[in-house]
2 protein chains.
Amino acid sequence: MNDRKMHVIKMAHHLFINKGFQATSIQDILEESGISKGTFYNYFPSKNELLIAIIKTLHANMEKERDELLIGQDPTDIDIFVKQVELQLKTNRANKLIYLFEEMYFSNDDELKQFIQKGHLKIIHWLYQRFIDLFGENKKAYFLDLAIMFKGILQQNLKYNALLNEANKSSIYEVVHYSVNRLVKLVDDLATTKEQLLSPALLENLFPEYHNKHAFQQEVAASILELKKNLHQTDQQEKYNELLDFIHQELVQAKVPRKFLIKSVILSLKSEEELFSKDELLKLEQFFAL
Amino acid sequence: MNDRKMHVIKMAHHLFINKGFQATSIQDILEESGISKGTFYNYFPSKNELLIAIIKTLHANMEKERDELLIGQDPTDIDIFVKQVELQLKTNRANKLIYLFEEMYFSNDDELKQFIQKGHLKIIHWLYQRFIDLFGENKKAYFLDLAIMFKGILQQNLKYNALLNEANKSSIYEVVHYSVNRLVKLVDDLATTKEQLLSPALLENLFPEYHNKHAFQQEVAASILELKKNLHQTDQQEKYNELLDFIHQELVQAKVPRKFLIKSVILSLKSEEELFSKDELLKLEQFFAL
DNA sequence: TTTATTTTTGAACTGCCTGTACAACTTTAT
DNA sequence: ATAAAGTTGTACAGGCAGTTCAAAAATAAA
């Protein structure tokens, strides 16, 4: 994407969060970004498509940052989860993404509607996956319901916190923390009462590719965590952390992980026979064998 | 309001729930209801005002029906609460009120925004009041948070139930029941952990008139329930139930309860000295003394 | 029935909006 | 220098909400 186009996206984003999407006219955007009408419709087929472009870039950045928070960390650590949620909300708030999201929901344009709905489902799906990390696969049956309810609790808490408590506004962290505490209680609740509204199968059908990928990533992550176990005993901790984190990151971020690069890193890990269990390294190697 | 105007409201309502508010043009409304543009702007100052008129009538009806469900019933009975919530959602869904509500939230018109925001707060407030009935005044401190979270849980459960589970759609009753079960657990949770985000004082400041009125109504309702206690022993149960329910209804529904009418009913209750405690009747009488 | 009053009508108008078309102009690569 | 690609701005089509107003129709009063 060329610089000029990026500039238009930036200025339009500015206008949208200040005036709202509907209330911003094409003319406003032209004046703000100093381009002509012809150029605008050369860049974007319509105002709606411009909005989609904006949200796509913002959303992609947010997802990347969020997933980076998990690299080299214990996925069962709930504090990391809190930080991830907080990050999403902060970038959301800064961009007033939520607002744009909701506003779009009522557009007459079907494409826009589809787009935003998929966005919401992606968030639910991410929560679902993280709940598997956090609370264990065995309670999986309740995690779709929990993801949905957690989203509701969080959204409403944020909304009314901003609305009713302007003077003494709690930080986002407090609201997230409070909401996560409720979530933990609801996990116990459902684990004992075994009530279920929606089966997770519904979600897994919607994201089949992601799903296999994620299961794979999870296994690798567990393997890497296992390998890190003995690391604190050595003075080379930093070095091996770097190597292991690299493998993790390459796996999570790259669309096509660089297989040979990873294999060569594993090879150098093999030289440290006392630190790393041979079996575990072999297992890790096999993940990239295909 | 004249018949013709009502007819326009009805037809416009039809169009709004089928096509959406934004997507319905004034022209559509004119054609659908067979009036001229001149007449339309004679009835309503703008399209927005028409929408407000529609929602006001629908909302008033819903509130009336909802509150009627409680007349002559035990306010601590959670099944009644479930039925009330269900009723609201059913009329909401039938009217697609929620949808219109949310769509309006992103209008450029400030008046519309204010109006819808107040609507949401009224729902929160109603939940808050009912939680006092249901779970006792002593846990009151957590009921604003709980009302907010319950609204979030319910909304999201309904939304994703409709979205993901089209084939095997759970009835509204099931979703409400499930959500209320979570609520009950969260009441216990907060009663023990004593965590609080928002103080109920914030709500009470927003609805001061209502508040005194409600406390008063609650006392009367408790008094009437007390008087009903011995009623099952008699063959005149039906008669006295009718009388007591009348007092209750007059109190809840009438803007200015007909004082003398109520007093005369109480007088006829007094004749049954074995059934009704004299003290309780005196107490009831005093409520209307002023 | 006639007259007076109120309500309704519909067309013409303002001013805003999104999106299209396109010939003239400018910048960038070859 | 020439070709290709990108940019410009105006004119235009079609749609929207809302205003104005004189003429027509319905209703009420005499």
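Convention: sequence-line order gives letters A, B, ...; per-chain numbering from 1.
Rounded to an integer number of Å, the gap from CG of Leu30(A) to P of dT8(D) is 10 Å. Between the C1' atom of dT6(C) and the CZ atom of Arg4(B) lies a distance of 13 Å, rounded to the nearest Å. dT8(C) atom P lies 12 Å from atom CG of Asp3(B), rounded to whole Å.
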Let me have a per-nucleotide readout for nucleotides 16-25 of chain C, 5' to 3', with B, S or -, counting only protein heavy atoms under 4.0 Å. -SBBB-----

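Annotation: cation-pi pair Lys47(A)/Tyr41(A) absent, no NZ/CZ under 6.0 Å from the ring centroid and within 45° of its normal. Geometrically, Lys90(B) does not engage Tyr173(B) in a cation-pi contact defined by less than 6.0 Å to the ring centre and at most 45° from the axis.
Using a 4.0 Å heavy-atom distance criterion, Phe44(A) is classed as making no nucleic acid contact.
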List, with names and distances, any nitrogen or oxygen atoms from the protein found under 3.5 Å away from nitrogen or oxygen atoms belonging to nucleotides 25-29 of chain D.
none

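An OP1 or OP2 oxygen of dT7(D) is reached within less than 4.0 angstrom by no side-chain nitrogen or oxygen of Ser36(A). Distances shorter than 4.0 Å separate some side-chain N or O of Asn42(B) from OP1 or OP2 on dT8(C).
Counted within 6.0 Å of NZ on Lys56(A), heavy atoms from surrounding residues, nucleotides or ligands total 12 or fewer; the atom is thus considered open.
Scanning for side-chain contact (heavy atoms from CB on, under 4.5 Å) contacts around Leu121(A) gives Leu206(A), Phe207(A), Tyr160(B), Leu163(B), Leu164(B), with sequence neighbours left out.
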